[in-house]
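A quick note: this is a predicted structure, and the numbers were derived from the prediction, not measured.
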Amino acid sequence: MPPCDCVDRDLLVVKAIFFFFFSGMACVTPYMSIYMRHLGLRPSQTGVITATKNFMSALIKPLLGSIADKSGRPKVVAILTVLAATALHFSLLFVPPVPSAPASQTTRQQERRRLEEDNHTKTTCSLPGGVDRAMDLRGADDTHAQPWFSLTFWLVFWVMFTSHGAQWSSTSQVEAATYQIIKKKDDSTFGRQRLWGSMGFGLFSLLSAVAMDTFTDDPGNKTDYSVTFYMFLAFMLVSLGFLFFLDDWSTGPSVAFLEGVSELLSHLHLVIFLFAVLLLGAYDGAGDTFMYWHLKDLGASQTVIGINMFVRTVVEVPLFLVSGWFIDKIGHVWALQLSFVVFALNFLGYSLIGNPWWAVLIDVIHGYQAITWTAATSYASVSARDDLQAVAQGIVSATFYGLGYGVGNLVSGPVFHHYGAVGLFRSLTVCCLVGFVLFYLLYRCYGKRGVCTDPDTEEEDTAPMLVSAAVMPKPGAFLHGGSVTTEAGETLGSLRIVRPQSKQDGNEIRQFSP
């Protein structure tokens, strides 16, 4: 009996890397937008920083993936990127906050008038001078008096700009390694490896939030984020150690970066699929960045935010377990298409809550993102050759977390500032439904031909070409003596009968048997 994959050395190391890497990222990533708020940055500044870092990562991720493939040393590339990005992320702890400007008499009068005129949902806090001030759902706090291009802004901007893409590029490379290991074992177990990342992310997003509340001396003071940065550093160093134990997953010499990207993007069905991934990334980026800001405006503590993150990621664990079976049943396309519906329900729920605890219940359905990500990465894996695996995973990650998050944050920052959280989340709900219809029409009209990875695709459109188009049998062709001939007796070529099979080199194919 073959050994269980849970004790397989290679997959055990992969599980450990996913667990500790995502445990470390859970300590800082969910709280990065409210950490920028903690430093005194505005919503629009937060949106610009987040969008720019994601646009940059859209270039860095596939580029590093190509360097890993081209050099034949993906393990070394992954180790160096984790090391450099960890050091840069940790340096954010030492960025000084924006100096606070004293409120003038005119500003205080404007705040009193605004407090009287505000009729929508708000929380009240006390400002210096005894002025009660409304902090509405637009996230407009005392940063309106601060300079836009401050030292704090530029420090955070450049650190995030240089480190974000490198940090997550290593994840794409480990995912490419996981698919290579799985292919060798002929077993679809990606979800069972990746779920350990969700377990670590969910557990330590909660524990880091509790630690922040515990180590904050006075609940009335600003949250102490230093403990989470030290937790982040410890976990990243452990994941770095496990990377050294992972066998090199190089598949040999690869094509050049631009040539590899060009080859992958020459497939129209993959371009349409990536377009859907881009839309989902934009929606998810907008929601993730300002959802926690919104919960803070509703009076949520760090513990409430941590519980919210814990619930949404723990729900991913069973979904990662069944993701392969689910995608086999309904296909990659429908698995991704349902993501638009789930996101729409998520955002609609955010727009209706007045108590931050309701977000915990709403985010249960957010766990479907496990299936979203498995569908996206596995579709890219079966669409790419072995020597383009890291590039393919880099493109998917860059599309979702780079271009998608960048567009989402660039647009959502001003929308959140001017129209509030309710306006932002209801707009995202409508956009998700539009994206659902758009992806459905594009894929049904242009993306089905030449695709052989989905069970819901029609056979006449998806059967692979066993011979070139130039020598395909014409209408009326028949078999004779092992050759393919036309009615006129023209021999088109010989035919070799093969036994039917369902998989070859990790890609589904269809063959006809007599």
Side-chain angles (χ1 to χ4, degrees), residues 21-43 45-47 49-51 53-54 85-86 88-98 139 141 143 152-153 155-157 159-160 163-164 167-168 197-198 200-216 219 221-236 284-314 350 356-357 359-360 363 366 401 405 408-409 412-413 416 421:
F21 181 89
F22 282 94
S23 295
M25 296 307 295
C27 297
V28 294
T29 301
Y31 311 108
M32 192 53 65
S33 63
I34 53 179
Y35 180 66
M36 294 184 203
R37 169 176 170 160
H38 168 82
L39 293 176
L41 299 178
R42 308 175 184 180
Q45 291 173 310
T46 301
I49 292 173
T50 309
K53 70 168 184 175
N54 287 316
T86 298
L88 287 169
H89 262 83
F90 185 72
S91 68
L92 288 171
L93 176 62
F94 307 102
V95 173
V98 176
D141 53 17
T143 57
T152 303
F153 170 82
L155 287 175
V156 175
F157 178 89
V159 169
M160 299 297 290
S163 67
H164 183 76
Q167 187 80 55
W168 290 104
S198 291
F201 198 93
L203 179 61
F204 285 96
S205 60
L206 173 60
L207 294 181
S208 61
V210 173
M212 281 187 279
D213 282 341
T214 302
F215 284 90
T216 300
N221 293 336
K222 288 187 175 182
T223 303
D224 183 3
Y225 288 88
S226 61
V227 62
T228 61
F229 277 93
Y230 286 107
M231 292 172 66
F232 160 78
L233 179 62
F235 283 122
M236 297 310 295
D284 194 47
D288 272 2
T289 299
F290 292 105
M291 192 265 285
Y292 296 113
W293 197 308
H294 176 43
L295 295 184
K296 272 292 189 182
D297 284 344
L298 293 176
S301 65
Q302 297 297 115
T303 301
V304 173
I305 294 176
I307 292 173
N308 174 272
M309 180 57 66
F310 174 77
V311 169
R312 66 155 52 182
T313 50
V314 164
Y350 293 157
W357 282 102
V360 177
D363 270 336
H366 189 274
Y401 290 110
Y405 264 53
N409 285 286
S412 62
F416 182 86

Euclidean distance, [Y] [atom2] relative to [X] [atom1], rounded to 0.5 Å:
| X | Y | atom1 | atom2 | value |
| --- | --- | --- | --- | --- |
| S208 | Y230 | OG | OH | 16.0 Å |
| M32 | L92 | CE | CG | 5.5 Å |
| T29 | H89 | OG1 | NE2 | 6.0 Å |
| T228 | M212 | OG1 | CE | 5.0 Å |
| N308 | L206 | CG | CG | 10.5 Å |
| C27 | F232 | SG | CZ | 8.5 Å |

**Message:** Determine whether a donor-acceptor pair (N or O, by modelled atom type, separation under 3.5 Å) exists between the side chain of Y31 and the backbone of S205.
**Reply:**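 Side chain of Y31 to backbone of S205: a pair is present.
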**Asked** Hey, is the main chain of T303 close enough, under 3.5 Å, to the side chain of D213 for a donor-acceptor pair?
**Response**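 Here the side-chain-to-backbone pair exists.
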Any heavy-atom pair between the side chains of [Y] and [X] that's under 4.5 Å?
| X | Y | value |
| --- | --- | --- |
| Q45 | F157 | no |
| T86 | L233 | yes |
| I34 | I305 | yes |

**Prompt:** H38 and Y225: aromatic ring centres closer than 6.0 Å?
**Reply:**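 For H38 and Y225, the ring centres are under 6.0 Å apart.
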**Message:** For F235 and F22, I'd like to know if the aromatic rings sit close, meaning centre-to-centre distance below 6.0 Å.
**Reply:**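 No - the distance between ring centres of F235 and F22 does not fall below the 6.0 Å cut-off.
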**Prompt:** Of all residues at least two apart in sequence or in a different chain, which pass the salt bridge (charged side-chain N to carboxylate O under 4.0 Å, His left out) check with D288?
**Reply:**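 So D288 forms a salt bridge (charged side-chain N to carboxylate O under 4.0 Å, His left out) with R312.
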**Message:** Pair D297, R37 - check side chain to side chain contact (heavy atoms under 4.5 Å, CB included), show working.
**Reply:** CA-CA 11 Å; D297 284 344; R37 169 176 170 160; 3.0 Å; yes
**Message:** Restricting to ring pair (Phe, Tyr, Trp, His ring centres under 6.0 Å), what partner residues turn up for Y292, sequence neighbours left out?
**Reply:**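 In terms of ring pair (Phe, Tyr, Trp, His ring centres under 6.0 Å), with neighbours along the sequence ignored, Y292 is linked to no residue.
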**Message:** Let's go through Y35 and T46 carefully: what are the C-alpha distance in whole Å and the side-chain angles of both, what is the deciding distance for side chain to side chain contact (heavy atoms under 4.5 Å, CB included) to 0.1 Å, and is it a yes or a no?
**Reply:** CA-CA 10 Å; Y35 180 66; T46 301; over 6 Å; no
**Message:** Please enumerate all residues that pass side-chain hydrogen bond (donor to acceptor under 3.5 Å, both in side chains) together with S91, with sequence neighbours excluded.
**Reply:**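 Checked S91 against side-chain hydrogen bond (donor to acceptor under 3.5 Å, both in side chains); zero matches.
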Quick one: closest heavy-atom pair of [X] and [Y], and the distance?
| X | Y | value |
| --- | --- | --- |
| T313 | G202 | OG1-CA, 2.5 Å |
| M236 | G24 | SD-CA, 4.1 Å |
| F204 | A26 | C-CB, 4.1 Å |
| S163 | L88 | CB-CB, 3.5 Å |
| V360 | V304 | CG2-O, 4.5 Å |
| A359 | L295 | CB-CD2, 3.8 Å |

**Request:** Evaluate side chain to side chain contact (heavy atoms under 4.5 Å, CB included) for M36 paired with V95, printing each intermediate quantity in order.
**Result:** CA-CA 10 Å; M36 294 184 203; V95 173; over 6 Å; no
**Request:** Check the pair Y401, Y405 against ring pair (Phe, Tyr, Trp, His ring centres under 6.0 Å), reporting the backbone distance first and the verdict last.
**Result:** CA-CA 5 Å; Y401 290 110; Y405 264 53; 5.3 Å; yes
